[in-house]
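A short worksheet on the structure shown next.
One is the number of the first residue; the rest follow in order along the sequence.
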Amino acid sequence: MKKIIHFLTFLLVLFSIQIFSQSHDNNELQKMADDDQNARKSDQINWKILSREDSLRRERIFILLKEDKIKTAKDHFNCGIVFQHGGDTISSGMAVKSFEKALKMDPSLNRWWYAAAVDRDLMYKKKPQIYGTQFIKDKTTNAKWARYKLDSSKITDEQRKYYGVETLKEQEQKEREMNQISLNDAYSSEKSIDGLINLINTEHRKGALSSYNTSENQINSFGYRLVSENKINDALKIFKLNTQLYPDAWNTYDSYGETLLKKGQKKEALENYKKSLKLNPENENAKKILTESK
């Protein structure tokens, strides 16, 4: 009887090891995907060198595929990240297949990548994109950012939202903002936070005719830039301005509250978190902060 139990235990351990090995993400693939993304964060990119590095990564993935070392959803997802920068229809097609397989195995992964891969694959095949993720800037667009040609009949806005893509109307707004002057550039010219705030107010009143990007997200991002530079007082002015310009946006109050806490202004911070939670009852960060403050 003991021998049977020991044998069954051995089989259970062996089965567990096999399951673990099958579900263990490939660290080499993860590093390749990370390298792909990090290489594109540099302000000064040597595209000749990067193109060569991209090519080597793709060649390595084909070897891993032959060796059957791409197993998990994350493995396939990382393959898609590498293949999407191939610049040809073979690579773009592999990116689509990789993301598609990854999402079938794990639907919780970021779906936007699949939509972007589909659009890029269509673009490389000289066909209209269907989601609306791809923007170009060349002589055909008069050196301005423009959404690549789109067949809007294939996908609904609900489907776009499911894949984390902007609606058609939001894409039009995005295109406009991409061609506006950023607040980082405006700040470099103004050289003072008060001067920048005056500029934002003036340009915001112009609406679609503004030359500057004064969107909620742009203001919020600039506020966090100031936080990263430890300019907390200036950041507070920017976040407060954002709540005034966009009083119905829950994230403006969340960011303002977060920065007030950094400054030690707890009472005012909690008031802003309450406003944020009222506008978005699903704001887990606000829930956590308010619960901990009791």
Side-chain angles (χ1 to χ4, degrees), residues 10-41 50-51 53-125 127-135 148 150-152 154-167 170-171 282-285:
F10 170 76
L11 288 178
L12 181 61
V13 171
L14 182 62
F15 178 73
S16 299
I17 291 172
Q18 288 175 334
I19 292 296
F20 176 78
S21 64
Q22 289 174 359
S23 61
H24 187 60
D25 295 337
N26 188 312
N27 290 329
E28 182 184 0
L29 265 174
Q30 183 63 62
K31 185 179 185 305
M32 281 194 280
D34 291 341
D35 289 346
D36 172 280
Q37 292 298 287
N38 291 330
R40 287 163 168 80
K41 293 178 181 178
L50 182 54
S51 178
E53 291 173 346
D54 287 343
S55 178
L56 291 173
R57 281 190 279 267
R58 293 193 300 276
E59 289 174 13
R60 178 58 183 158
I61 288 180
F62 279 118
I63 293 174
L64 292 174
L65 282 167
K66 287 181 180 179
E67 295 176 347
D68 197 27
K69 292 182 179 179
I70 298 174
K71 302 280 191 181
T72 69
K74 196 61 187 295
D75 289 348
H76 290 287
F77 191 83
N78 286 330
C79 284
I81 289 177
V82 174
F83 276 125
Q84 51 137 3
H85 286 136
D88 56 62
T89 55
I90 294 176
S91 297
S92 63
M94 288 294 295
V96 173
K97 291 178 182 177
S98 297
F99 287 128
E100 186 174 35
K101 188 163 187 177
L103 290 174
K104 283 182 179 178
M105 296 174 71
D106 183 0
S108 70
L109 292 170
N110 189 336
R111 293 187 287 264
W112 179 89
W113 289 88
Y114 170 74
V118 169
D119 279 349
R120 192 176 286 110
D121 186 47
L122 289 168
M123 184 171 69
Y124 288 153
K125 292 174 179 175
K127 296 180 180 179
Q129 62 178 325
I130 58 176
Y131 288 96
T133 62
Q134 302 302 301
F135 291 77
Y148 179 71
L150 171 79
D151 182 348
S152 60
K154 302 293 185 182
I155 298 293
T156 66
D157 272 348
E158 284 302 311
Q159 289 171 301
R160 289 186 178 88
K161 284 193 269 187
Y162 175 78
Y163 284 99
V165 179
E166 299 92 345
T167 64
E170 289 169 339
Q171 289 173 26
E282 302 302 316
N283 183 355
E284 295 299 329
N285 182 56

Check: [X]/[Y] side-chain N/O donor and acceptor closer than 3.5 Å:
X      : Y     : value
Ser51  : Asp54 : no
Gln30  : Asn78 : yes
Asp121 : Ser92 : yes

Quiz item: Mind checking what makes salt bridge (charged side-chain N to carboxylate O under 4.0 Å, His left out) contact with Asp88, not counting sequence neighbours?
Solution: none
For a 4.5 angstrom cut-off between non-hydrogen side-chain atoms, does [X] reach [Y]?
X      : Y      : value
Gln159 : Thr156 : yes
Leu122 : Pro128 : no
Asp35  : Lys31  : yes
Met32  : Leu64  : yes
His85  : Asp36  : yes
Arg120 : Lys125 : no
Gln171 : Leu150 : yes

Exercise. Go through the structure and list residues passing side-chain contact (heavy atoms from CB on, under 4.5 Å) with Asp106, not counting sequence neighbours.
Key: Ala73, Ser108, Leu109
Quiz prompt | Contacts of Asn38 that satisfy side-chain contact (heavy atoms from CB on, under 4.5 Å) - sequence neighbours left out | solution = Asp34, Lys41
Quiz item: Within a reach of under 6.0 Å around CD1 of Ile90, are more than 12 heavy atoms found that belong to other residues, nucleotides or ligands?
Solution: no
If every non-hydrogen atom of [X] is compared with every non-hydrogen atom of [Y], which pair is closest and at what distance?
X      : Y      : result
Leu29  : Cys79  : CD2-SG, 3.8 Å
Gln84  : Tyr124 : O-OH, 4.5 Å
Gln37  : Trp113 : OE1-CH2, 3.6 Å
Ala115 : Tyr163 : CB-CB, 4.0 Å
Ala95  : Gly80  : CB-O, 3.8 Å

Exercise. Would you please test Asp157 and Arg160 for side-chain contact (heavy atoms from CB on, under 4.5 Å) and show each step?
Key: CA-CA 5 Å; Asp157 272 348; Arg160 289 186 178 88; 3.2 Å; yes
Quiz item: Could you walk me through whether Arg40 and Leu50 pass the side-chain contact (heavy atoms from CB on, under 4.5 Å) check?
Solution: CA-CA 9 Å; Arg40 287 163 168 80; Leu50 182 54; 3.8 Å; yes
Quiz prompt | Worked check of side-chain contact (heavy atoms from CB on, under 4.5 Å) between Lys71 and Asp68 | solution = CA-CA 7 Å; Lys71 302 280 191 181; Asp68 197 27; 2.9 Å; yes
Practice problem: Could you walk me through whether Phe99 and Phe77 pass ring pair (Phe, Tyr, Trp, His ring centres under 6.0 Å), step by step? | Solution: CA-CA 5 Å; Phe99 287 128; Phe77 191 83; 5.3 Å; yes
Practice problem: Can you measure from NZ (Lys127) to OH (Tyr148) and round to the nearest 0.5 angstrom? | Solution: 10.5 Å
Quiz prompt | Rounded distance (nearest 0.5 Å) linking atom NZ of Lys101 with atom OG1 of Thr72 | solution = 11.0 Å
Test item: [X] side-chain N/O and [Y] main-chain N/O as donor-acceptor pair under 3.5 Å:
X      : Y      : result
Ser98  : Met94  : yes
Asp25  : Asp75  : no
Gln129 : Thr133 : yes
Asp119 : Tyr131 : yes

Exercise. Please determine if Arg58 forms a cation-pi arrangement with Phe83, meaning its NZ or CZ atom is less than 6.0 Å from the six-membered ring centre and no more than 45° off the ring axis.
Key: no
Self-check item: Electrostatic pair Glu28:Arg60 at N-O distance under 4.0 angstrom
Solution: yes
Quiz prompt | Note: Lys161-Glu158 ion pair, threshold 4.0 Å (strictly below) | solution = yes
